[in-house]
Asks: 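Attaching a single structure in structure tokens format; questions to follow.
The chain is numbered in sequence order, starting from 1.
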Amino acid sequence: MSRLKPWLQHRWPLPVYRPDPQQPHHGADGYRNLFPFQQPRLLDVLRWEWQRSRMPAVRHRLERIPRQAPELAALNANRDRPSLTWVAHATSFIQLCGKNILIDPVWSRRASPFQWAGPERQLPPPMTLEALPALDLVLITHNHYDHLDFNTVRRLARQPAGCPQFAAPLGVGVILRQAGVPASHIHELDWWQRYRLDGVEAELTPAHHWSKRWMIGDENRALWGGFAVRGDGLQFWYPGDTGYQDQLFRLIGERLGTVDLALLPIGAYEPRWFLHPQHVNPEEAVRILLDTGARAAWAVHWGSFILTDEPLDQPQDDLAAALAQWNILPEVFRLSAMGETRWF
């Protein structure tokens, strides 16, 4: 085992955990949530897998998932107009202050450490990575495979215009360096810390989640979060993967002030007994909108990978029901299409 550990560390480097005793979310053995919960245990996973094996086959009606041709010519020509494009799953493309920004870029076929096993993409991205303008800034919310895609990061590190800057939570940098991102281009943040690139500011916000990328040795050794992105007089916010905690989102709303558009996750939420502490469902996403006081929201984090038990097209129906329940107009919390751009 003593000989195996250095080889594993070289092949799959683990984050070095350096807690700050002044920070309440820095525990003795890893980061922790502001409102702690029991994280998934092996027995929980085995119970879920046993239940899934006894379920009838789930029908995923992919034709119901909205898609549209992206406005690539306009995006590539744009230099001064703010825009936001939902690519797919958690990946969004933002243009602010003349900068091109990607959140959680994933272009691989699978959200997995391997491309021969694991959750497979059910619908292709609406554009290739190379079809987008050269990237200036990439924001990574945490180290789970459907948010931090090693192959996509490696492609970005080699983009012809030069490697973009990367902002990520504490402990995530080791993976970015392994993918070829220079250390000088990596900016690791704690909650409420900010990174500025000319007129753009990205602030890491807390999330109700956890981190783990390998089988052993790294649970909660890297931080997780969301990002508020500011520029051109606008503020966008994506909470990252998160469970619902009303006190947390009221706190975030108070700290951030006016959020012009929130990118709120609506997918990967069944069964609730297993997922409710770590992934919101559409009704809880609506509550986040209300708790934070965001002016408007776009639905993200759905429609690409079969990660959980609900049909891939079900989140849109559950969102519509939640909006009716809370008497919120669909124009306020929109079900965007993959590839759709909103111009500001």
Asks: With the side chain counted from C-beta on, respond yes when Ile186 and Arg177 share a heavy-atom pair under 4.5 Å apart, and no when they do not.
Replies: yes

Asks: Establish, from distance only, whether the side-chain atoms of His279 and Asp241 form a donor-acceptor pair under 3.5 Å.
Replies: yes

Asks: Write down the atom of Asp317, the atom of Asp313, and the distance for their closest heavy-atom approach.
Replies: OD2-O, 4.1 Å

Asks: Is it the case that the side chain of Glu201 and the backbone of Gly231 share a donor-acceptor pair, with hydrogens and angles ignored and the cut-off at 3.5 Å?
Replies: no

Asks: With no hydrogens and no angle check, just 3.5 Å: does a side-chain donor-acceptor pair link Thr205 and Trp237?
Replies: yes

Asks: Taking the ring centre of each residue, are Phe305 and Tyr145 less than 6.0 Å apart?
Replies: no

Asks: Just checking, is any N or O donor in the side chain of His144 or His209 under 3.5 Å from an acceptor N or O on the other one?
Replies: yes

Asks: Show the nearest heavy-atom pair for residues Gln159 and Pro164, with the distance to one decimal.
Replies: NE2-CD, 3.7 Å

Asks: Under the side chain to side chain donor-acceptor pair (under 3.5 Å) test, which residues partner Arg52, sequence neighbours left out?
Replies: Asp309

Asks: Can Glu310 and Asn281 be counted as having a side-chain donor-acceptor contact under 3.5 angstrom?
Replies: no

Asks: Check whether any side-chain heavy atom of Tyr269 lies under 4.5 Å from a side-chain heavy atom of Gln314, and answer yes or no.
Replies: yes

Asks: State, without any angle test, whether Glu71 and Trp343 hold a side-chain donor-acceptor pair at a distance under 3.5 Å.
Replies: yes

Asks: Which residues pass the side chain to side chain contact (heavy atoms under 4.5 Å, CB included) test with Cys163, not counting sequence neighbours?
Replies: Ala157, Phe166, Val181, Pro182, His185

Asks: Would you give the length of the straight line joining atom OG1 of Thr292 to atom CZ of Arg250, rounded to the nearest 0.5 angstrom?
Replies: 11.0 Å

Asks: Taking the side chain as C-beta and beyond, is there a heavy-atom pair between Leu256 and Glu203 under 4.5 Å?
Replies: yes

Asks: Could you walk me through whether Arg47 and Asp44 pass the salt bridge (charged side-chain N to carboxylate O under 4.0 Å, His left out) test, one step at a time?
Replies: CA-CA 5 Å; Arg47 175 188 168 193; Asp44 296 324; 5.4 Å; no

Asks: Can you name the closest pair of heavy atoms from Arg121 and Val106 and give their distance?
Replies: NH2-O, 2.8 Å

Asks: Regarding Asn33 and Trp210, is there a side-chain donor-to-acceptor distance under 3.5 Å anywhere?
Replies: no

Asks: What's the shortest heavy-atom distance between Pro265 and Val280, and which atoms?
Replies: O-CG2, 3.4 Å

Asks: Please confirm whether His208 and His276 have ring centers closer than 6.0 angstrom.
Replies: no

